[in-house]
Number of protein chains: 2
Amino acid sequence: MMLPVSTDHPEPASGERRNSATPRDPAASAGIRRRLLDEAARVLVEEGPAALSARRLVKAVGASTMAVYTHFGSMPGLVREVMREGFARFRTRVEAVRPALGPDADPVSELAGLCRVYQEFARAEPEVYAVLFGGSPLAGFELTDEDRQMGARVIRFPFEAILRCAAAGRFRTDIDAGLAVRQLFAQMHGLAQLARAGYILGDYRPDDVLAGLLRDFAVAAGDDPDRAARSVRSGLGQGAGPGA
Amino acid sequence: MMLPVSTDHPEPASGERRNSATPRDPAASAGIRRRLLDEAARVLVEEGPAALSARRLVKAVGASTMAVYTHFGSMPGLVREVMREGFARFRTRVEAVRPALGPDADPVSELAGLCRVYQEFARAEPEVYAVLFGGSPLAGFELTDEDRQMGARVIRFPFEAILRCAAAGRFRTDIDAGLAVRQLFAQMHGLAQLARAGYILGDYRPDDVLAGLLRDFAVAAGDDPDRAARSVRSGLGQGAGPGA
DNA sequence: TCTCTGCGTATAACGCTGTTATTGCCTATA
DNA sequence: TATAGGCAATAACAGCGTTATACGCAGAGA
């Protein structure tokens, strides 16, 4: 007795169970990793963080719980991979702003464009954004210092845009770009989080607040108020500006 | 058979178990609610959100899991109570700013003082703050619209401070105070969250960014740069200002 | 004083979670 | 062909929130 050898399956009649057509298809096997990641991203966007569980993912892709641990070590490890891919998408958006505008574009407008894609990403992938920048843990995963430094490195783009604004005579030439870019980062993050949490109430839309923040940022940095407003409107994209 | 009547306790020798000195002491019984809340707040601040569980709380206060459900309905219900008390502490801080300064105080300084207590609260109770304003769920609890409106109502204080700034000739008289206060809200929230998440890196401290944000806010609102800097320094408290 | 009604509680269980030790298959190597 | 090793399925463990059940005790009514 007690022979675990033939752990008789309760229902091996399930057809394509294991020893049927492709018992260990290499493509399907290697695809488990990919399928788990895709399913995790799908569940995250469609049903929220609370629905993300190992058992649910492995059931969806037809694997056992071990798949999570052989491929990712743990659930936080899987989430980490999802976050890495999400961050790659974020960086892609940010990096595409300046090439789309051309090297001679209005730098204040470029700054506004960077902030626009920032807000767009936060809106498009709120769960990923919340984990990456909001510090909200997900299935036990929390950011490491390395993650944070990677995330903080994208402020290089608005940093350089600020320098270009100063060089173009729009901003004060003695501006502390390092401080200013951190102020801008805080503003963008705060707006994104508040909008996501439903805290932008009353007769004001997040885009109104965004336009106001950017205009005031440029004005405080030394730009002419009217010119700043025009550049911001242009950078935020046609029709995205507030009524005024 | 099957008499669940005398479900013999495994170890009734535990002394003050039930039928000993105070079997149903009304004070202790009514105190279970309070003790659960205090223990929850303690665990939250000392060990973080991940350590907050019903079983752990009831064990700490010597009750059974049912205590959570008779007193709070559910774990989210208990967390809700913790959050309500946390928000009361936040409001107390905010409301104390103007009385401490007097009705004739520099309104820009008062605005800075409000932002200071905001940041202080976020730093003092990061977990509570993250749930209240960051939208980060805790043990299944999430903010309701009613909670958000209650939270958003405290922006009344900076709103009125902005109006006073305009009345005192420091800010433009045609300033859109509703928009401006939302911009300020976003800035304060973003800074608090970024600082908490460890995203204020490099040679800049959160207080530097705070001072910069407030000064720029006042300048964009129409205040004189030097005067704004002085008021902000004063409002942030002695010694809290940046080096420059 | 006795009885009854009802609230609050303890127990035990259900289904869920992440995680892991064990076992065995299958593939790729010597 | 024989062998070594990675990958996966099973089943289990501890913990989670939640709940049905039964019971003890307190206060109200007779």
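If you're wondering where the values come from, they're calculated on a predicted model, not measured in any experiment. Naming convention: chains lettered A, B, ... in sequence-line order (proteins, then strands); numbering from 1 in each chain.
- Nearest nucleotide to the side chain of B/Tyr69, out of D/dA8, D/dG17, C/dG18: D/dG17.
- A/Leu52 places its CG atom 12 Å from the C1' atom of C/dG18, with the value rounded to the nearest Å.
- B/Phe217 has its side chain within reach of B/Leu111: a pair of non-hydrogen atoms, C-beta onward, lies under 4.5 Å apart.
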Between the protein and nucleotides 12-15 of chain D, are there any N/O to N/O pairs under 3.5 Å, and if so, what are the atom names and distances?
| residue | atom | partner | partner atom | Å |
| --- | --- | --- | --- | --- |
| D/dA12 | N6 | A/Arg55 | NH2 | 3.0 |

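- Using a cut-off of 4.0 Å between Lys/Arg side-chain N and Asp/Glu carboxylate O, A/Arg123 and A/Asp207 are scored as salt-bridged.
- Atom P of nucleotide C/dT9 and atom CZ of B/Arg33 are separated by 12 Å, given to the nearest angstrom.
- In terms of position on DNA chain C, the residue among A/Ser74 and B/Ser64 whose nearest nucleotide sits closer to the 5' end is B/Ser64.
- In the helix from C/dT1-D/dA30 to C/dA30-D/dT1, the terminal helix axes, each the rotation mapping four pairs' C1' atoms onto the next four within five end pairs, subtend 10°, rounded to 10°.
- B/Arg182 has no carboxylate O lying under 4.0 Å from a charged side-chain N of A/Asp203, or vice versa, which leaves the two without a salt bridge.
- Counting any heavy atom pair closer than 4.0 Å across all strands shown, B/Ala54 reaches sugar-phosphate atoms only and no base atom.
- A salt bridge does not link A/Glu142 with A/Arg80: every distance from a Lys NZ or Arg NE/NH1/NH2 to an Asp or Glu carboxylate oxygen is 4.0 Å or more.
- Shown here for B/Arg116 and B/Leu236, the closest heavy-atom pair between the two residues is CD-O, 3.2 Å.
- Rounded to whole angstrom, the span from the CD1 atom of A/Ile32 across to the C1' atom of D/dA9 amounts to 11 Å.
- Residue pairs meeting the side chain to side chain donor-acceptor pair (under 3.5 Å) criterion with at least one partner in residues 82-91 of chain B, sequence neighbours excluded, are B/Arg34-B/Glu85, B/Arg89-B/Glu125.
- In this structure, the CZ atom of B/Phe72 is 16 Å from the C1' atom of D/dT18, given to the nearest Å.
- Computed from coordinates, the B/His71 NE2 to C/dG8 P distance equals 7 Å when rounded to whole Å.
- Rounded to whole angstrom, the span from the CZ atom of A/Arg56 across to the C1' atom of C/dG18 amounts to 16 Å.
- The list of salt bridge (charged side-chain N to carboxylate O under 4.0 Å, His left out) pairs with a residue in residues 151-160 of chain B, not counting sequence neighbours, reads B/Arg156-B/Glu160.
- For A/Tyr129, the ring-ring contact (aromatic ring centres under 6.0 Å, His included) partners two or more places apart in sequence, or in a different chain, are A/Tyr118, A/Phe133, A/His189.
- Comparing D/dA20, D/dA8, C/dT19 against the side chain of A/Pro76 picks out C/dT19 as the nearest.
- Backbone-only engagement by B/Met75 is indicated by non-hydrogen atom pairs under 4.0 Å involving sugar-phosphate atoms exclusively.
- B/Leu36 places its CG atom 13 Å from the C1' atom of C/dG8, with the value rounded to the nearest Å.
- Counting heavy atoms from C-beta on, the side chains of B/Tyr199 and A/Leu143 come closer than 4.5 Å.
- Legend: side chain to side chain donor-acceptor pair (under 3.5 Å) pairs involving residues 44-56 of chain A, not counting sequence neighbours, sorted by first then second residue: A/Arg42-A/Glu46, A/Glu47-A/Arg56.
- Among the protein residues, B/Ala139 comes within range of no part of the nucleic acid, since none of its heavy atoms lies under 4.0 Å from any strand.
- Between the NZ atom of A/Lys59 and the P atom of C/dC16 there is a distance of 8 Å, rounded to whole Å.
- Using a 4.0 Å heavy-atom distance criterion, B/Ala67 is classed as making no nucleic acid contact.
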